[in-house]
Protein chains: 2
Amino acid sequence: MARGSTRPTSRDVAQAAGVSQAAVSLVLGDKWRGRVSAATAERVREAARDLGYRPNLAARNLRLGRTRTVLLVVPALTTEFFAGVYTGASRVAAEHGFGVVLYPSPEGIGPARDPFASAQAALDGVIASSMAADALTAIRGEALPLVMLDSDPAGSLGAATVNLDIADGVRQVAEHLLSLGHRRFLHLAADVPSWTFEVRSRELASRLAGVPGTSVSTARSPISIEGAVPAAQAALSAPGPRPTAVVCDDDLLAAGVYKAARQLGLRIPDDLSVTGLDDLALATAIDPELTTVRLDAELFGERGMRALLAVLEGREPEGGDIPVRLVERGSTAPPR
Amino acid sequence: MARGSTRPTSRDVAQAAGVSQAAVSLVLGDKWRGRVSAATAERVREAARDLGYRPNLAARNLRLGRTRTVLLVVPALTTEFFAGVYTGASRVAAEHGFGVVLYPSPEGIGPARDPFASAQAALDGVIASSMAADALTAIRGEALPLVMLDSDPAGSLGAATVNLDIADGVRQVAEHLLSLGHRRFLHLAADVPSWTFEVRSRELASRLAGVPGTSVSTARSPISIEGAVPAAQAALSAPGPRPTAVVCDDDLLAAGVYKAARQLGLRIPDDLSVTGLDDLALATAIDPELTTVRLDAELFGERGMRALLAVLEGREPEGGDIPVRLVERGSTAPPR
DNA sequence: CGCCCTAGGTTTTACGTATAACGTGCGCTT
DNA sequence: AAGCGCACGTTATACGTAAAACCTAGGGCG
């Protein structure tokens, strides 16, 4: 309708309502009580509605020196896990008038792209997964309020951390497989340098250390179904007695083990027990359904966002790891 | 190091380099040739580096009236498909100095949340999937440059569209199943009102219309593995002759059909052929591997971004649908 | 009656950047 | 020798908003 192609500003609203720009700002910012009469306030709101006024966020951000926008840095977008993290963080953020912008460290784009160049929005703070290794150095350089997800609490140099109790998950897996009678394990580990994966290896080894007659070999693989197939195939056809159970760092790796097993003629769970970690939708789509550790991704995101809000407000973030739970399904059975 | 807690501004850099703020802006904006001596330019750059200067994006956006930031609106984050779209769009955007912000219309957050409140960044334009129905009305209201993904070219009211050639994909599926000898079909359709799904139904019906002795029934399901199971189960155990082939609107639905078939004691592909659409990683993780239509999600995202750039620059967006391709795998065979 | 307080505004300023408009010397041309 | 353009800058201004500081009239109170 408007002739001019530019968007209406608060000044246009002021003119339409017959008041000053300051009055518009007060009314629309809900700070008018005792400063503007109810009638005038209503006139301003009406004018704003008529003109389709939307505040210019760049101007507001500049004025206020903050953006109510937070960056969530994730390693990649291809798993539903981080989708859940985003959903949870976004929900909490919305409750506090914040927005969340996603920075998936994109595969195929140059290695060290600057997240802050990509998310052109100015930022109040950052939540970063420890898996997004490339981005981390850039983040440190910004000196922004930072919350790390699944990162070494000791090595985070003061940044707040929110962690899943992965160690407990691995303990539950080990317990379950030991009680079924397994003794020879293969640990199919993620090929990504990150504290959260180191924990898995360490905890598995430590849990098995006390049990006589156990052995565990390790293979490494990129985190994808197709990527895991060759690694699993090699490890399962290596000389010497074959492992009877494969503990995977991730459900995707477990799906790769299924494929490898099919190609080797091994049947799950009769010839081989398999466990995953995540409980993706995939876990119940494959046959047999996967015994895995359920991670509550949304709660993870919520806690991350809450921690960041706490940091922004100078409070102490809530402590304590997020509990996880073994889900027993058809991919594990006693060894033959 | 710096005592003051606030970030250095271009004025601080100017002072450190002994020049005016304008000179800093010229040098750092790479517009200094013929205006500033090489020596001075170097001094400015050095000062900026020493102070760790980063331009305030809010101020720049306000000044320039544009943000080089684009919003990508997707229905949800849970499928790797839109992850690919994001990756492609992001790559092209980066080549042109743009950033992409993601707005996944989040499940579980109130129904009609305003994407522009969530992405607090000001925006130059929007790329929106036609599946993100809730968000669309809000987008229209903004009068921002808009590119629609997989949307009715006729009904898009002037907005540019970039489409996958889904109709051709469905034709290839129908052709494949007909040539195997199938005549009774079940169409497991997505329970989402969107042009891209209407196309699937229409095209399937139209392709089968010319072939005598064919029949197709339709069942609807939400787009998720678990959601598809009851719908598939009901449709496959309905009275009357059972369909010999199930055409699914999405790979996730196909995975649900696998589960339903297992529970009904039907074997794939002996008792039932199944096809999907997307070619997710899931497609080769399930057994038998899924015959499906491969969509090039990254190319889709790239084309979407290119179209938006064209709109922003007043050019005509490139036309033509993106080709898709049937991938024959183990889930389809002649009916018994 | 003089004063202050309050309601109901307005004027002004600052946020940090990009750039248009405006100097200034100096060397070169004619 | 007058002038003119070029090299090298600087000064001033605008973007749109939020909010501090300021103004004014009227009523209540001592």
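Chain letters run A, B, ... following the sequence lines, proteins first, then strands; residues in each count from 1.
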Point to revise | side chain to side chain contact (heavy atoms under 4.5 Å, CB included) against A/T196, all qualifying residues, sequence neighbours excluded | key: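 A/T196 satisfies side chain to side chain contact (heavy atoms under 4.5 Å, CB included) with A/S130, A/M131, A/D150, A/I166, A/S194, A/R200 once adjacent residues are dropped.
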In this structure, how many angstroms lie between the [atom2] atom of [N] and the [atom1] atom of [X], rounded?
X: A/L26; N: C/dT11; atom1: CG; atom2: P; result: 14 Å
X: B/Q21; N: C/dG16; atom1: CD; atom2: P; result: 11 Å
X: B/W32; N: C/dT17; atom1: CH2; atom2: C1'; result: 21 Å
X: A/R60; N: C/dA14; atom1: CZ; atom2: C1'; result: 17 Å
X: B/D12; N: C/dT17; atom1: CG; atom2: C1'; result: 13 Å
X: B/R11; N: C/dT17; atom1: CZ; atom2: P; result: 8 Å

Review point. Would A/R91 and A/E302 pass as an ion pair if we require N to O under 4.0 Å?
Key: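 So A/R91 pairs with A/E302 through a salt bridge.
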Review point. Do NZ/NE/NH1/NH2 and the carboxylate oxygens of B/R45 and B/E42 come within less than 4.0 Å?
Key: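 Result for this pair is yes, salt bridge flagged.
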Point to revise | Nearest heavy atoms of B/V311 and B/P317, plus distance in Å | key: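 In terms of heavy atoms, the two residues are closest at CG2-CG, 4.1 Å.
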Review point. Chain B on DNA chain D: first and last contacting nucleotide, 5' to 3', under 4.0 Å to a heavy atom?
Key: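 The footprint of chain B covers D/dC8 to D/dG16.
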Check your understanding: In Å and rounded to the nearest 0.5 Å, what is the CZ to CG distance from A/R63 to B/L62?
Key ->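 These two atoms lie 12.5 Å from each other.
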Practice item. Verify side-chain contact (heavy atoms from CB on, under 4.5 Å) between A/L299 and A/R303, making sure each step is shown before the conclusion. Key: CA-CA 6 Å; A/L299 180 57; A/R303 286 279 304 273; 4.1 Å; yes
**Study point:** Closest to the A/S37 side chain, choosing from C/dT19, C/dG8, C/dT17
**Key:**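 The closest nucleotide is C/dG8.
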Review point. Toward the 5' end of DNA chain C, which comes first, B/A59 or A/A41, by nearest nucleotide?
Key: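 Nearest nucleotide further toward 5': that of A/A41.
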With a 4.0 Å cut-off on heavy atoms, is [X] in touch with a base, just the backbone sugar-phosphate, or nothing at all?
X: A/L62; answer: base
X: B/V19; answer: sugar-phosphate
X: A/G65; answer: nothing
X: A/S20; answer: base

Point to revise | Residues B/V44, B/W32; criterion side-chain contact (heavy atoms from CB on, under 4.5 Å); working and verdict | key: CA-CA 11 Å; B/V44 168; B/W32 58 279; over 6 Å; no
Review point. Considering heavy-atom distances to DNA chain D, does A/S25 or A/R35 have its closest nucleotide positioned more toward the 5' end?
Key: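 On the 5' side of the pair lies A/S25.
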Check your understanding: Between B/L64 and B/R43, which has a closest nucleotide on DNA chain D that is more 5'?
Key ->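 Going by which nucleotide is closer to the 5' end, it is B/R43.
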